[in-house]
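The figures that follow rest on heavy atoms only: side chains count, while hydrogens, waters and symmetry mates do not. Proteins come first, then strands; the chains are lettered A, B, ... in the order of their sequence lines, and each starts at number 1.
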Amino acid sequence: MSRPVVTRFAPSPTGMLHIGGVRTALFCWLYARKHGGRFILRVEDTDLSRSTDENIRIIEEGMAWVGLDWDEGPIPGTTDEFKGPHGPYRQMLRMDLYRAKIQELVDRDLAYRCRCSREVLDERRKSVEAQGVPFQYNRGYDAGKGCRDAHHDASQPYAVRLKMPEGTESWLEEGAITWTDLIKGHLAFPADTLDDWIIARTAEGNEIGVPTYNFCVVVDDTSMEVSHVIRGDDHVSNTPKQIALYRAMGCELPEFAHVPMILGKDGAKLSKRHGALSITEYREMGFLPAAVRLALARLSWTPKVAGQAPETAEEELLTDAQMIQLFDLHDIQKSPARFDMDKLSWMNQKLVQRASWQELDPYLTPFMPAAWKTQSEPWKQVAIKATQKGKSLKDMAEALAFVWERPQSFEPKSVEKFMTETAKAALRDVAALTDYAHDRLEPAFNGILEKHGLKLKDLAQALRVALCGKPVSPPIFDTLFLIGREEVLKRLERWV
RNA sequence: GGGGCUAUCGUCUAGGGGUUAGGACACCGCCCUUUCACGGCGGCAACAUGGGUUCGAAUCCCAUUAGCCCUACCA
């Protein structure tokens with residue numbers, strides 16, 4: 001029963017890496033890491049029109065950015081190179097394997113050729129459903145009417161269907177296909193509600209056609225020795241079909257764990273309308289990958305420390321190491337969760353706050369103007385620490401924009417409020433200062449304040465307005481230091 | 001139509017026969033403060049509905065309602 005833990009994530013290259021998919025991948029990854037197992041990335045590229053190299057790259061880059069490394073799968077940047085013993089890890093390159101498996105099933109009489117044309121099928125479906133009965137190929141109302149027993153015109157092309165259990169097989173439980181889902185618990189699907197489904201599409205002539213999704217998945221998962229199939233809830237109903245196939249092929253069943261879906265804020269299926277769907281967009285919004293991992297992990301999963309759920313904000317902010325240590329499929333919710341951008345923002349803010357300026361620097365660079373890279377380390381350190389309270393990297397970059405951009409305009413209200421004659425007189429003294437080191441500015445300012453009978457607040461606000469056009473900026477000494485004396489003097493010119 | 005899953009504050013959730021139904025985010029208020037923030041303190045706010053079972057139900061059972069998934073020669 002117990003074998004090495006192997007999990008997999010199998011996205012289709014659709015042109016983006018979906019946030020819901022990333023969450024599923026994250027659970028697979030956490031599970032593999034926790035149990036010292038392997039995590040596979042497999043590309044389901046049977047939709048030829050969308051499966052471009054470019055789209056595969058998007059998956060690889062998205063996974064890499066969000067920090068989910070795979071032990072087996074594509075080697076990024078290549079088209080047909082893979083790591084791992086069970087390659088290739090792209091379905092289109094596995095067609096020979098699929099066809100061989102199908103041939104074997106047909107030879108062993110566990111699957112059969114179906115020569116019913118689409119037209120015939122559509123017609124039959126229509127007439128059956130007109131009577132309020134569900135149409136199932138070779139099942140129920142339609143039992144015995146298909147190609148399972150009677151072979152029709154052998155000159156016609158064919159699809160291949162799997163023989164589904166009749167209801168009396170010994171591995172069924174009271175006529176039902178069952179399994180104990182690691183998240184959903186014991187599940188049972190009456191066998192007579194499942195029909196002989198197609199495993200290979202019709203091809204030209206006397207060929208086996210392109211295999212269908214549910215077939216490929218099982219072949220891949222068995223041949224790649226996947227021990228735990230952790231996937232989206234939307235596959236629950238596919239599982240009994242797949243189990244029948246595992247049985248037919250005589251393969252050991254993996255454990256199944258179906259993770260609930262992620263819904264939008266309004267409870268509807270997550271879509272573009274709710275904001276960002278693609279992992280790339282979260283990067284562009286200025287979220288740290290660690291924050292995305294945490295926020296995603298905490299949707300539907302409640303980590304328990306000695307049976308206790310987090311009780312403080314501190315306990316909510318798990319590191320990767322803690323997540324790996326605490327991860328348990330039993331602590332995953334059965335019901336879908338709504339995605340809350342506010343919570344992601346909060347987590348991001350907290351992680352930004354805790355990071356050192358060195359850690360933040362590389363993540364921040366893409367949001368900064370080119371001049372950022374040429375700044376000295378001490379300067380960057382002040383810049384980062386002065387803005388490290390923002391919710392996102394983007395916020396931080398915006399909070400620093402004043403350094404590179406002279407004010408386009410000055411808020412009239414603020415000018416009126418803070419630019420008094422005394423304040424301007426004090427600004428003249430500020431302009432005379434030469435040393436912008438923090439510990440020099442403070443005593444110098446005290447002298448100026450005393451001379452003019454001002455409070456720090458009055459001077460600071462006047463300075464902000466003069467330098468930034470608005471009464472908002474990092475702490476005033478940092479603001480001066482970051483802008484630098486030369487530029488400060490230029491911006492002060494019009495006011496003194 | 002058939003099959004399957006789900007249902008606690010606005011959101012994520014804890015709790016699974018006896019609790020003032022707990023926490024986090026969001027929101028609101030107060031404090032701190034050189035601005036904006038951060039931070040601190042406090043507040044608001046929930047067991048979908050109806051039947052059972054029971055001395056007692058958010059918790060167990062059934063039904064209803066609502067949502068989602070499968071029911072494709074899509075994945």
Side-chain angles (χ1 to χ4, degrees), chain A residues 10-12 14 44-47 50 91 114 116-118 121 125 129 131-136 140 157-161 176 181 184-185 187-190 192-195 197-203 209-214 216-217 232-241 258 260-261 263 265 267-269 295 298-302 304 307-317 333-347 349 353 387-391 395 399 414 418 445 449 455-461 463-465 468 470-477 479:
Chain A
S12 307
T14 58
E44 312 231 319
D45 61 345
T46 50
D47 181 346
R50 295 199 288 188
Q91 288 187 331
C114 170
C116 298
S117 68
R118 277 174 201 260
L121 252 22
R125 173 173 291 116
E129 286 178 349
Q131 301 174 53
V133 179
F135 175 72
Q136 301 166 281
Y158 60 87
V160 179
R161 288 181 188 268
D181 195 278
K184 300 256 171 199
L187 263 21
F189 288 70
D192 59 14
T193 61
L194 275 357
D195 68 358
W197 55 286
I198 288 177
I199 57 178
R201 300 177 179 84
T202 305
V210 179
T212 56
Y213 165 80
N214 280 118
C216 299
V217 172
D233 216 340
D234 49 339
H235 289 293
V236 168
S237 305
N238 286 327
T239 306
K241 294 185 209 174
H258 289 93
M261 306 272 89
L263 306 177
K265 186 86 187 171
K269 194 172 171 176
R298 290 293 278 99
L299 279 181
S300 298
W301 174 50
T302 304
K304 303 276 178 70
Q308 282 294 308
E311 284 283 296
T312 63
E314 189 60 32
E315 289 169 352
E316 292 277 351
L317 300 167
Q333 216 71 2
K334 292 181 184 174
S335 49
R338 303 184 188 201
F339 184 63
D340 184 5
M341 194 70 99
D342 287 333
K343 198 128 185 175
L344 205 210
S345 263
W346 174 75
M347 288 171 168
Q349 183 176 42
Q353 278 174 23
T387 52
Q388 213 167 344
K389 284 144 193 162
K391 291 201 182 300
D395 287 351
S414 304
F418 299 113
F445 261 59
L449 294 175
K455 288 179 178 169
L456 179 54
K457 180 176 187 173
D458 306 319
L459 216 207
Q461 290 304 77
L463 259 176
R464 288 192 169 95
V465 172
C468 310
K470 56 188 192 327
V472 177
S473 85
I476 197 63
F477 299 142
T479 302

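Two residues are said to be in side-chain contact when any heavy atoms from C-beta on lie closer than 4.5 Å; Val236(A) and Leu187(A) meet this criterion. By the 4.5 Å heavy-atom criterion applied to side chains, Tyr213(A) and Thr46(A) are not counted as neighbours. Residues Phe189(A) and Thr239(A) fail the side-chain proximity criterion, which asks for heavy atoms closer than 4.5 Å.
Listed candidates were C12(B), G4(B), C5(B). Nearest to the side chain of Lys184(A) is C5(B). For Thr46(A), whose side chain is taken as the heavy atoms from C-beta onward, the closest listed nucleotide among G3(B), A24(B), A75(B) is A75(B). Ranking C12(B), G4(B), U11(B) by closeness to the Lys265(A) side chain, first place goes to U11(B). Comparing atom distances between the Asp340(A) side chain and each of G3(B), U11(B), A75(B) picks out U11(B) as nearest.
A distance of 11.5 Å separates CD in Gln461(A) from NZ in Lys470(A), rounded to the nearest 0.5 Å. Here CG of Asp340(A) is found 12.5 Å from CZ of Arg298(A). Values are rounded to the nearest 0.5 Å.
Note on Lys184(A) versus Asp233(A): salt bridge recorded, some NZ/NE/NH1/NH2 to OD/OE distance being below 4.0 Å.
Rounded to whole Å, atom C1' of G15(B) lies 11 Å from atom CD of Glu311(A). Remark: P of A26(B) and CG of Leu344(A) are 12 Å apart, rounded to the nearest angstrom. In this structure, the CG atom of Asp45(A) is 15 Å from the C1' atom of C74(B), given to the nearest Å. Taking atom CH2 on Trp197(A) and atom P on G2(B), their separation rounds to 25 Å, with Å as the unit. Between Arg338(A) atom CZ and A26(B) atom C1' the separation is 15 Å, expressed in whole Å. Atom CE of Met341(A) and atom C1' of C12(B) are 15 Å apart (whole Å). Protein atom CG of Leu299(A) is 7 Å distant from nucleotide atom P of U13(B), rounded to whole Å. Rounded to whole Å, atom P of C25(B) lies 12 Å from atom CD of Glu314(A).
Among all heavy-atom pairs drawn from Lys391(A) and Gln349(A), the shortest one is NZ-OE1, 3.3 Å. Ile476(A) approaches Arg464(A) most closely through the heavy-atom pair N-NH2, 3.3 Å. The minimum heavy-atom distance linking Gln91(A) with Val217(A) is given by the pair NE2-N, 4.4 Å.
Thr14(A) comes within 4.0 angstrom of no nucleic acid atom, judged by non-hydrogen atoms across all strands. Gln333(A) comes within contact range of the sugar-phosphate backbone alone, with a heavy-atom separation under 4.0 Å but no base atom that close. In this structure, Lys343(A) reaches the bases: a heavy-atom distance under 4.0 Å links it to at least one base atom across the strands shown. Nucleic acid contact for Thr312(A): sugar-phosphate only, since backbone atoms but no base atoms lie under 4.0 Å from a heavy atom of the residue. Base contact: Cys116(A) has a heavy atom under 4.0 Å from a base atom.
Taking atom P on both U13(B) and U20(B), the two are 26 Å apart, rounded to the nearest angstrom. Between U64(B) and C74(B), the two P atoms lie 35 Å apart (nearest whole Å). G4(B) and C62(B): their P atoms are spaced 13 Å apart (whole Å). Taking the C1' atoms as reference points, A58(B) lies 9 Å from G15(B), given to the whole Å. The same atom, P, is picked in C60(B) and in G16(B); the two are 10 Å apart, to the nearest Å. C9(B) and C5(B) have their P atoms separated by 23 Å, given to the nearest Å. Atom P of G23(B) sits at a distance of 10 Å from the matching atom of G42(B), rounded to the whole Å. Between A21(B) and U34(B), the distance separating the two P atoms is 43 Å to the nearest Å.
Dashed line: the shortest gap from a side-chain N or O of Thr302(A) to OP1 or OP2 of A14(B) is under 4.0 Å. Close to A75(B), at under 4.0 Å from its OP1 or OP2, lies a side-chain N or O of Arg201(A).
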>> How would you summarise protein contacts on nucleotides 29-45 of chain B per nucleotide, using B for base, S for sugar-phosphate only and - for none, with heavy-atom distances below 4.0 Å?
In response: -----BBSBSS------
>> Within the 4.0 Å limit for protein heavy atoms, which parts of nucleotides 67-72 of chain B are touched? Write it as a string from 5' to 3', B for base, S for sugar-phosphate only, - for none.
In response: --BSSS
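Both Lys304(A) and Tyr213(A) lie close to RNA chain B; mapped to their nearest nucleotides by heavy-atom distance, the more 5′-ward contact belongs to Lys304(A). Along RNA chain B, the nucleotide nearest Tyr158(A) and the nucleotide nearest Val133(A) are compared for position; the residue whose nucleotide lies closer to the 5' end is Val133(A).
Nucleotide C36(B): unpaired (no Watson-Crick or G-U wobble partner with both distances less than 3.5 Å). Shown here, A14(B) forms no base pair; nothing in the strands shown gives a Watson-Crick or G-U wobble contact with both key distances under 3.5 Å. Nucleotide C28(B) has G42(B) as its partner under the Watson-Crick or G-U criteria, with both atom distances under 3.5 Å. Across all strands shown, nothing is found opposite A57(B) as a Watson-Crick or G-U wobble partner with both distances under 3.5 Å. Across every strand in view, A66(B) sits in a pair with U6(B) that passes the Watson-Crick or G-U test at under 3.5 angstrom.
In this structure, the side chain of Arg201(A) engages the main chain of Pro211(A) through a donor-acceptor pair within 3.5 Å.
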>> Pair Arg118(A), Leu121(A) - check side-chain contact (heavy atoms from CB on, under 4.5 Å), show working.
In response: CA-CA 5 Å; Arg118(A) 277 174 201 260; Leu121(A) 252 22; 5.5 Å; no
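Base orientation for C38(B): syn, the chi torsion being within 90° of 0.
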